[in-house]
Engineer: 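Got a structure for you, written out below as structure tokens; questions coming shortly.
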Amino acid sequence: MKEALASASDQLRESSDTARLDAELLLEYVTGTTRLAFITDPDMDLSELQQQQFFAFIKRRQQHEPVAYLTGRREFFGRSFTVSPEVLIPRPDTETIVEEALRIIDSKEVSEVLDLGTGSGCIAVTLAAERPELHVMATDISSEAIAVAKQNAANLQVDDRVNFYCGDWFQVLHPEALFSLIVSNPPYVAAGDPETYAGAVFEPERALYAADGGVAVLEQLLREGIRYLNPGGVLLLEIGHQQGDRLYQFVREAALPYDDVRIITDLAGRERVFSVTRKV
Ligand SMILES: C[S@@+](CC[C@H](N)C(=O)[O-])C[C@H]1O[C@@H](n2cnc3c(N)ncnc32)[C@H](O)[C@@H]1O
């Protein structure tokens with residue numbers, strides 16, 4: 001096992017910044033053991049079949065296929081989520097919107113949240129798992145994504161409190177539906193811009209890209225979201241690097257009845273969440 005790990009890490013060195021970790025995660029998946037086993041028993045033998053499977057995965061990883069799609073799993077907010085190529089791989093960046101949502105849920109005693117573009121369900125399911133009284137409504141245009149999200153809700157035992165609907169942004173809602181908190185991590189990468197990492201070509205385009213330098217959907221959600229918010233209700237949107245000012249200007253010029261407009265940064269100090277509150 002020691003030799004297989006060393007050889008695989010070497011083979012991945014040029015294609016991945018996390019060569020050793022990738023190799024360990026793939027070996028963990030193929031052998032059904034944990035990484036701890038590699039440390040405590042580095043001389044453990046791999047069967048012929050395990051060797052073949054492992055190095056087949058290493059080859060695919062060399063072509064930049066994300067580890068999460070190879071193993072079908074990704075950690076998010078301390079929980080393991082099922083993923084498939086039909087859904088965006090949950091990013092650590094998205095933990096910022098979850099933290100802010102939890103803060104609002106606690107301070108405003110929110111009992112129901114709407115998550116738009118739920119993908120794997122990582123935001124909706126995490127919020128429900130973190131707050132056992134909370135009910136979440138989650139939507140996505142992709143029925144394949146909804147199927148993955150439902151599976152995650154069931155695996156993490158929150159399926160009795162998260163309801164999923166397939167459709168275009170707000171169109172699946174009752175016209176009089178009102179929420180105190182709406183969250184969304186919509187597509188916000190500028191169309192035509194390659195995402196910053198090579199594995200993005202394996203992810204669904206509609207999960208990543210938006211028109212107008214990436215802000216078209218963000219602006220749409222700001223414009224349409226207002227009628228689904230209670231007075232004093234909050235809309236949280238994940239945003240990309242340097243999109244905050246442009247959205248700030250959009251809210252002002254469109255005279256949308258929001259106040260308390262805030263840009264929240266992540267731990268690395270990058271703009272990550274745009275927060276607006278419906279005027280009372
Ligand atoms: C950036 S991904 C976010 C997925 C997940 N919430 C996360 O944070 O990992 C955006 C999601 O929006 C969905 N989406 C794209 N266009 C949509 C639309 N018109 N209506 C609803 N959802 C849409 C995509 O299918 C994708 O799952």
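One is the number of the first residue; the rest follow in order along the sequence. Below, each value reflects all heavy atoms present in this structure, side chains not excepted, and no hydrogens, waters or symmetry copies. Whatever order the structure lists ligands and atoms in, that order sets their numbers, starting from 1.
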Engineer: Under 3.5 Å, is there a donor on one side chain and an acceptor on the other for Gln11 and Ser7?
Structural biologist: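 The answer is yes; a qualifying pair exists.
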Engineer: Under the side-chain hydrogen bond (donor to acceptor under 3.5 Å, both in side chains) rule, what do Ser80 and Arg74 come out as? Steps first, then yes or no, please.
Structural biologist: CA-CA 6 Å; Ser80 179; Arg74 179 60 164 235; over 6 Å; no
Engineer: Determine whether the side chains of Asp259 and Thr277 contain a donor N or O and an acceptor N or O closer than 3.5 Å.
Structural biologist: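 Per modelled atom types, Asp259 and Thr277 side chains form no pair under 3.5 Å.
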Engineer: Do other residues, nucleotides or ligands put more than 12 heavy atoms under 6.0 Å from Leu21 CG?
Structural biologist: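 Check passes, neighbour count above 12.
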Engineer: Distance to 0.1 Å, residue and atom name: give those for the protein heavy atom nearest to atom 12 (O) of ligand 1.
Structural biologist: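 Its nearest protein heavy-atom neighbour is Gly117 CA, 3.5 Å.
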Engineer: Taking only heavy atoms of Ile123, which atoms of ligand 1 are found under 4.0 Å from at least one of them?
Structural biologist: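 Those atoms are 8 (O).
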Engineer: What protein heavy atom is closest to atom 19 (N) of ligand 1, reported as residue, atom name and distance in Å?
Structural biologist: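 Here the closest protein heavy atom is Asp168 OD1, 2.6 Å.
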Engineer: Give me the residue, atom name and distance of the protein heavy atom closest to atom 20 (N) of ligand 1.
Structural biologist: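 For atom 20 (N) of ligand 1, the nearest protein heavy atom comes out as Trp169 N, 2.9 Å.
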Engineer: Should the pair Phe170 and Tyr228 be assigned to parallel (<30°), tilted (30 to 60°) or perpendicular (>60°) ring geometry?
Structural biologist: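 It falls in the parallel class, under 30°.
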Engineer: Identify, by atom number and element, the atoms of ligand 1 in contact range of Thr94, meaning under 4.0 Å from any of its heavy atoms.
Structural biologist: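 Heavy-atom distances to Thr94 below 4.0 Å select 8 (O).
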Engineer: Got a salt bridge between Lys279 and Asp260, using NZ or NE/NH1/NH2 to carboxylate O under 4.0 Å?
Structural biologist: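 Judged by the 4.0 Å cut-off on N to carboxylate O distance, Lys279 and Asp260 do not form a salt bridge.
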Engineer: To the nearest 0.1 Å, how far is atom 27 (O) of ligand 1 from its closest protein heavy atom, and which atom is that?
Structural biologist: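 Protein heavy atom at minimum distance: Asp140 OD2, 2.6 Å.
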Engineer: At what distance is the nearest protein heavy atom to atom 22 (N) of ligand 1, and which residue and atom is it?
Structural biologist: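 The closest heavy atom on the protein side is Ile141 N, 3.2 Å.
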Engineer: Can you find a pair of side-chain heavy atoms, one from Leu208 and one from Leu88, that are under 4.5 Å apart?
Structural biologist: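 Counting from C-beta outward, Leu208 and Leu88 do come under 4.5 Å.
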Engineer: Would you give the length of the straight line joining atom CG of Asp115 to atom CE of Met137, rounded to the nearest 0.5 angstrom?
Structural biologist: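 That separation rounds to 11.0 Å.
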Engineer: Just jot down the ligand 1 atoms closer than 4.0 angstrom to any heavy atom of Gly167, in number order.
Structural biologist: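 Here the atoms of ligand 1 in question are 20 (N), 21 (C).
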Engineer: Please identify which atoms of ligand 1 are closer than 4.0 Å to at least one heavy atom of Cys122.
Structural biologist: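 Matching atoms, with element in brackets: 7 (C), 8 (O), 9 (O).
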Engineer: Below 4.0 angstrom from a heavy atom of Pro186, which ligand 1 atoms are there? Numbered from 1 as shown, please.
Structural biologist: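 Per the distance check, 1 (C).
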Engineer: May I ask you to identify the nearest protein heavy atom to atom 8 (O) of ligand 1, giving residue, atom name and distance to one decimal place in Å?
Structural biologist: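 Closest protein heavy atom to atom 8 (O) of ligand 1: Asn185 ND2, 2.8 Å.
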Engineer: Between Thr265 and Arg272, do the side chains contain a donor N or O and an acceptor N or O under 3.5 Å apart?
Structural biologist: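 On atom types as modelled, these side chains do not qualify, holding no pair under 3.5 Å.
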Engineer: Around atom 5 (C) of ligand 1, find the nearest protein heavy atom and jot down its residue, atom name and distance.
Structural biologist: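 Of every protein heavy atom, Thr118 O, 3.3 Å lies nearest to atom 5 (C) of ligand 1.
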Engineer: Who's the nearest protein heavy-atom neighbour of atom 1 (C) of ligand 1, and how far?
Structural biologist: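 Sorting protein heavy atoms by distance from atom 1 (C) of ligand 1 puts Ala207 O, 2.8 Å first.
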